[in-house]
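A short write-up of the structure that comes next.
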Protein chains: 2
Amino acid sequence: MNVYKDYLISKLGMNNDDADLFLSGFEEVIYKKGSFLQKEGDKCNVIRIILEGCARGFVVVNGKEISTNFYFENDHTYDYVNFLLNKKGTLNIKALDTIRAIEMTIEALEFLQSEVIGFHRMSFHMFKMNYIKTENERMNFIIKSPKERYLNLVKNNKHIISRIPQHQIASYIGISPEHLSRIRKEISTS
Amino acid sequence: MNVYKDYLISKLGMNNDDADLFLSGFEEVIYKKGSFLQKEGDKCNVIRIILEGCARGFVVVNGKEISTNFYFENDHTYDYVNFLLNKKGTLNIKALDTIRAIEMTIEALEFLQSEVIGFHRMSFHMFKMNYIKTENERMNFIIKSPKERYLNLVKNNKHIISRIPQHQIASYIGISPEHLSRIRKEISTS
DNA sequence: TTAACTCGTTGATATTTATCAAGAAAATTA
DNA sequence: TAATTTTCTTGATAAATATCAACGAGTTAA
């Protein structure tokens, strides 16, 4: 967990003791490549942070898997929307590599948040960062063409380009795998 | 401001005194129809809550105005993403009606949030609700067709359908005004 | 009241994108 | 290594969507 502790301290500004207290609520878990971290219909009652490996969030529409998120080191993987709405999860999350993660029940997290104001602030902060990402992606669907959305990933999300299969990236930016292939060809010959 | 006070108490669970304290930081402002609440490049240093009327957020791309948000009673209209990133606003917000709103500097808000833990929790809560909306819209771009996105508005956002001109709704769901017109025709004859 | 403007619709056409089918290249497994 | 599966590419065609142009109905403003 030390990698994540470093992240809490250096990136999120926690002090050493708070970081230890926060991490004490977690348990380490391994997911094998191809296994599910979460299936559609599961209750979302655990928060999960990836320490190593990456995962893909997807929904199944007309028998096809459509990617909605990718998760990497230090990312949270839980279905926050359905947790907030107290509904069952609608998301599948599958390991693309062997994953090492830490997990805590949401009840434990909420207790920490209510007892230690620093945690509450930190949760809010992490949430804001996540919001910025989501809002930017939403705006990109309104404003940009598929080609521009792809170039945006190339520029700002190299980890997605380098670690995720191309056909899964395609659905993430809202196009077919064939079309993404042609967009890439067009880019490379210009 | 009493309408918004009722909203704070009944919908967001604040008590009477906290609601009064919160509202004491605000000043009431009127915007005439067609005027700008905010222009691209403005510093985002004020939070604004609409009491009456509605407004449209848009960006200009290739000389065309593309709608990115609509704001109604009780909505916040500030450019949160650019505020968080400490950048200049990228959004234009224009009054579609005469608007009555209340405004507070962000510094004043942050002071209240740091002094009164209830405000901090409330801010987080409002933020979460906003996040759910944004994330759902992002997912709709990935998963749903333009027709389905429009039907979704008809079902869940009647205030948008009834109060916003159709060609502005079109860009909001990522299509041309002509295409939305044809989608509507198709729906009405089936 | 007339003139100008906004809004929605429709048709013709061009462009973009999806779908279907096949195969090559790369990675994984037996 | 051979076999299998996954991934990516390409071509042909179909479907979806944008663009351009025109028009009429309402609204707003002079």
Side-chain angles (χ1 to χ4, degrees), chain A residues 32-35 53-56 58 60-67 70 94-99 140-154 160-190, chain B residues 32-35 53-56 58 60-67 70 92 94-98 140-154 160-190:
Chain A
K32 281 189 190 160
K33 180 172 179 173
S35 66
C54 62
R56 177 174 70 113
F58 66 94
V60 180
V61 181
N62 299 330
K64 282 186 186 171
E65 294 185 356
I66 300 186
S67 308
F70 301 112
K94 200 171 176 179
L96 292 174
D97 296 317
T98 295
I99 285 185
N140 281 345
F141 277 109
I142 299 184
I143 296 168
K144 305 207 162 162
S145 67
K147 183 178 173 181
E148 289 170 320
R149 293 199 292 276
Y150 179 74
L151 286 172
N152 193 51
L153 284 188
V154 170
I160 290 183
I161 301 295
S162 62
R163 294 172 68 181
I164 306 289
Q166 192 174 307
H167 66 282
Q168 294 178 357
I169 294 175
S171 60
Y172 182 62
I173 58 177
I175 61 176
S176 69
E178 295 93 334
H179 192 51
L180 178 54
S181 174
R182 290 182 179 113
I183 285 174
R184 277 165 47 84
K185 188 181 179 184
E186 190 193 334
I187 291 167
S188 68
T189 63
S190 69
Chain B
K32 282 188 191 164
K33 180 172 179 173
S35 67
C54 63
R56 176 174 70 112
F58 65 92
V60 180
V61 182
N62 299 331
K64 283 186 187 171
E65 295 184 356
I66 300 187
S67 308
F70 301 113
N92 299 282
K94 200 172 177 179
L96 292 175
D97 297 317
T98 294
N140 281 346
F141 277 109
I142 300 184
I143 295 169
K144 305 206 164 164
S145 67
K147 184 179 174 182
E148 289 170 319
R149 293 201 290 276
Y150 179 73
L151 286 173
N152 193 51
L153 285 188
V154 171
I160 290 183
I161 301 294
S162 61
R163 294 173 67 181
I164 307 290
Q166 191 174 307
H167 66 281
Q168 293 177 358
I169 294 175
S171 60
Y172 182 61
I173 58 177
I175 62 175
S176 69
E178 295 93 336
H179 192 53
L180 179 54
S181 174
R182 290 178 179 115
I183 285 174
R184 277 164 48 83
K185 189 180 178 186
E186 192 194 333
I187 291 168
S188 68
T189 62
S190 68

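All values below come from the heavy atoms of this structure, side chains included, with hydrogens, waters and symmetry mates left out. Here is how names work: the chains are called A, B, and so on, in the same order as the sequence lines, proteins then strands, and each is numbered from 1.
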*Determine the minimum heavy-atom distance between B/R163 and B/D97, stating which atoms define it.*
NH2-OD2, 4.0 Å
*Any luck finding a side-chain donor-acceptor pair between B/R184 and B/Y150 under 3.5 Å?*
yes
*For B/E186 and D/dA16, what is the distance between atoms CD and C1' respectively, to the nearest whole Å?*
11 Å
*Is the phosphate of D/dT17, meaning OP1 or OP2, less than 4.0 Å from a side-chain N or O of B/K147?*
no
*Can you find a side chain N or O atom of B/K64 that sits less than 4.0 Å from OP1 or OP2 on D/dT19?*
yes
*Between B/Q168 and C/dT6, does any side-chain N or O lie under 4.0 Å from OP1 or OP2?*
no
*Atom NE2 of A/H179 and atom P of C/dT16: how far apart are they, to the nearest Å?*
9 Å
*If you find the nucleotide of DNA chain D closest to A/P177 and the one closest to B/I183, which residue's nucleotide is nearer the 5' end?*
A/P177
*Separation of B/I169 atom CD1 from C/dC7 atom P, in whole Å?*
12 Å
_Quick check on C/dT10: is either OP1 or OP2 less than 4.0 Å from any side-chain nitrogen or oxygen of B/K185?_
yes
*Within the distance-only criterion (no hydrogens, no angle test), does the side chain of B/S171 pair as donor or acceptor with the backbone N or O of B/S67 below 3.5 angstrom?*
yes
*When you measure from the side chain of B/P146, which nucleotide among C/dT19, D/dT17, D/dT28 comes out closest?*
D/dT17
*Round to the nearest Å and state the distance from A/N62 atom CG to C/dC20 atom P.*
11 Å
_A/Q166 side-chain N/O to D/dT9 phosphate OP1/OP2 under 4.0 Å_ = yes
*Answer with base, sugar-phosphate or nothing: what part of the nucleic acid does B/G174 contact at a heavy-atom distance below 4.0 Å?*
sugar-phosphate
*Look only at the side chain of A/Q168 and the backbone of A/P165, and say whether a donor-acceptor pair between them is shorter than 3.5 Å.*
no
*Has the side chain of B/R182 got a donor or acceptor atom sitting under 3.5 Å from an opposite partner on the base of C/dG8?*
no
*asked:* In this structure, how many angstroms lie between the P atom of C/dT6 and the CG atom of B/L96, rounded?
replied: 14 Å
*Measure from the side chain of A/S176, starting at C-beta and using heavy atoms only, and say which of D/dA18, C/dA18, D/dC8 lies closest.*
C/dA18
*Would you mind telling me which of B/R56, B/H167, B/K94 makes a side chain to side chain donor-acceptor pair (under 3.5 Å) with B/E65?*
B/R56
_Distance, rounded to the nearest Å, where B/E65 contributes CD and C/dT6 contributes P_ = 10 Å
_For atom CD1 of B/I175 and atom C1' of D/dA16, their distance in whole Å_ = 11 Å
*If only side-chain N and O atoms of B/R184 are considered, is one of them under 4.0 Å from the OP1 or OP2 phosphate oxygen of C/dG8?*
no
*Rounded off to whole Å, could you give me the CZ-to-C1' distance for the A/R56 and D/dT6 pair?*
13 Å
*Side-chain donor/acceptor of A/E178 to base of D/dC8, under 3.5 Å*: no
